[in-house]
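Computed over heavy atoms, backbone and side chain alike; hydrogens, waters and symmetry mates excluded.
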Amino acid sequence: MGADKTVMKSTIYYGPGDVRVEERPVPEPLTPQDLVIRVVRTCVCGSDLWPYRAMDASSAGKPIGHESIGVVTQVGSAVTIAAPGDFVIVPFPISCGECAACRAGFESSCPNGGYFGGAEGQGCQSEYLRVPHADGTVVNVSRALASPEFADDPAVPHDPHDFDDAMLADLLTLSDVMGTGYHAAVSTEVKPGYTAVVMGDGAVGLCGVLSAKLLGAERIISTSRHEDRAAIAREFGATDIVPLRGDDAVDAVMALTNGDGADAVLECVGTAQSFDTGLRVTRPGAVIGRVGLPHGVTVPAEGTFYRNIGIKGGPAPVRTYVRRTLLAAVLRGQIHPGHVFTKTYTIDEVPQAYADMDARRVIKALVRVSEV
């Protein structure tokens with residue numbers, strides 16, 4: 001795929017069960033702050049299944065997808081974060097990098113930004129992607145590799161062309177799911193020695209297990225009901241599996257914690273049942289870290305007040321976590337979140353990837369678009 005292409009393949013959402021790969025014009029910078037990448041890897045997210053299962057009239061006919069890594073092909077005149085040829089991670093939030101939210105490290109709540117997917121020219125499940133507010137949005141891996149932090153580290157590949165498939169899969173998770181799982185762990189204030197409960201066994205929940213381990217949790221209880229997912233949870237650090245729901249799940253977790261409840265609860269689903277269970281197994285004075293997009297969730301004011309339960313979280317500021325911690329952990333081989341990808345597809349096979357994820361035949365679908 002050369003830089004002179006004028007059309008590309010892009011995944012377009014039309015309605016329930018209906019995503020199609022069609023030709024669209026290759027994007028170009030529309031403002032001096034934009035850059036364009038040739039997508040190397042993208043994927044299908046569990047949150048993509050919400051519109052896939054129900055009609056989203058505002059997104060019909062538009063590109064979909066919000067996770068990608070790739071090589072810069074064009075930059076606007078004001079872009080300083082990258083140059084053509086650089087390898088970059090594109091976090092799912094678009095952020096200006098200058099407002100109070102961005103300066104505080106919560107760029108996912110940037111009032112001047114937004115999110116990839118559902119906007120013309122900004123769907124990541126495509127061969128090329130335009131990135132608005134590039135300086136405040138992307139993470140430049142090429143420049144990081146040349147920095148003093150990594151330049152003399154023999155454990156780190158120093159040229160993106162040397163990244164193997166496993167490394168590319170690990171790096172792709174930093175655009176969303178690993179950063180989102182880490183946000184749940186940070187929000188719930190996991191500390192060394194803690195007992196953590198992770199609600200959800202999708203890719204985010206599994207990355208939540210890995211994140212709780214990374215932050216020092218001593219006991220990690222996964223609520224997986226599927227053996228393939230439970231196996232990855234154990235690999236990532238889960239010490240216990242509770243394959244139950246509702247009252248049965250609460251009883252099991254309370255028995256495992258001697259009736260005290262968990263020191264930290266990572267709510268990675270967003271349903272009312274998941275949040276209610278998480279609330280009931282949280283010990284007094286602890287915090288629920290929620291990153292699952294809420295669907296029908298009601299937060300009981302008195303139930304949290306009298307038990308001193310805190311609730312934190314939301315869309316993950318993954319760029320902040322990648323720059324502070326997660327990129328180094330992946331480059332040095334300390335964590336391998338890419339294990340959440342259990343099948344690889346081509347760009348033409350993306351509709352099948354959606355169908356397979358919807359049917360739970362795969363945990364998370366990786367899409368090989370091009371090579372570095």
More than 12 heavy atoms from other groups under 6.0 Å of [atom1] on [X]:
X	atom1	result
R53	CZ	yes
E349	CD	yes
E28	CD	no
R323	CZ	no

Any side-chain to backbone donor/acceptor pair from [X] onto [Y]? Under 3.5 Å, distance only.
X	Y	result
S109	A101	no
T304	G310	no
T180	A316	no
Y13	D56	yes
T188	V265	yes
R307	L279	yes
T239	I220	yes
Q74	P29	no
D34	T31	yes
R319	T137	yes

Between W50 and H295, how do the two ring planes meet: parallel, tilted or perpendicular, split at 30° and 60°?
-> parallel

4.5 Å side-chain heavy-atom contact, [X] and [Y]:
X	Y	result
V291	L266	no
M357	Y52	no
P111	C99	yes
M8	V39	no
S47	H66	yes
I94	Q122	yes
I37	S68	yes
E107	C96	no

Where [X] and [Y] come nearest, the two heavy atoms and their spacing:
X	Y	answer
L168	I69	O-CD1, 3.5 Å
R219	L256	NH1-O, 2.7 Å
P337	D170	N-OD1, 3.4 Å
V190	A212	CG1-O, 3.8 Å
E67	T42	O-OG1, 2.6 Å
T223	G200	OG1-N, 3.1 Å

Decide whether [X] and [Y] are clustered together by the hydrophobic rule: side chain heavy atoms of Ile, Leu, Val, Met, Phe, Trp, Tyr closer than 4.5 Å, transitively.
X	Y	answer
V198	F275	no
V330	Y321	yes
L326	I232	yes
V367	F163	no
F87	Y128	no

Measuring from atom [atom1] of [X] to atom [atom2] of [Y], what distance do you get when rounded to the nearest 0.5 angstrom?
X	Y	atom1	atom2	result
D247	D276	CG	CG	8.5 Å
R290	I311	CZ	CD1	6.0 Å
I64	C45	CD1	SG	10.0 Å
L35	I81	CG	CD1	9.0 Å
K312	I288	NZ	CD1	13.0 Å
K5	R38	NZ	CZ	11.0 Å

Could you please spell out the steps behind the side-chain contact (heavy atoms from CB on, under 4.5 Å) verdict for V71 and V40?
-> CA-CA 7 Å; V71 177; V40 170; 4.1 Å; yes

Does a side chain donor of either [X] or [Y] reach within less than 3.5 Å of an acceptor in the other side chain?
X	Y	answer
Q273	T271	no
H226	D228	no
S274	E267	yes
S224	R229	no
D48	Q125	yes

Stepwise, does the side-chain contact (heavy atoms from CB on, under 4.5 Å) test hold for Y182 with V318?
-> CA-CA 8 Å; Y182 193 75; V318 298; over 6 Å; no

Going by an N to O cut-off under 4.0 Å, is there a salt bridge joining E227 and R234?
-> yes

Stepwise side-chain contact (heavy atoms from CB on, under 4.5 Å) check, E235 with L206 | CA-CA 10 Å; E235 175 194 338; L206 294 171; over 6 Å; no

The single option from M167, K364, R41 passing side-chain contact (heavy atoms from CB on, under 4.5 Å) against L172 | R41

K191/D263 under salt bridge (charged side-chain N to carboxylate O under 4.0 Å, His left out): CA gap, chis, key distance, verdict = CA-CA 9 Å; K191 295 179 176 62; D263 302 303; over 6 Å; no

Distance-only criterion, 3.5 Å: show the donor-acceptor pairs between side-chain atoms of residues 146-153 and protein atoms not counting sequence neighbours.
from : atom 1 : to   : atom 2 : distance (Å)
S147 : OG     : A144 : O      : 2.6
D153 : OD1    : A155 : N      : 2.9
D153 : OD2    : R332 : NE     : 2.7

Could you list all the side chain to side chain donor-acceptor pair (under 3.5 Å) pairs where at least one residue sits in residues 77-89, not counting sequence neighbours?
-> T80-D135, D86-N140

Walk me through it: do L331 and L145 pass the test side-chain contact (heavy atoms from CB on, under 4.5 Å)?
-> CA-CA 9 Å; L331 290 175; L145 291 173; 3.9 Å; yes

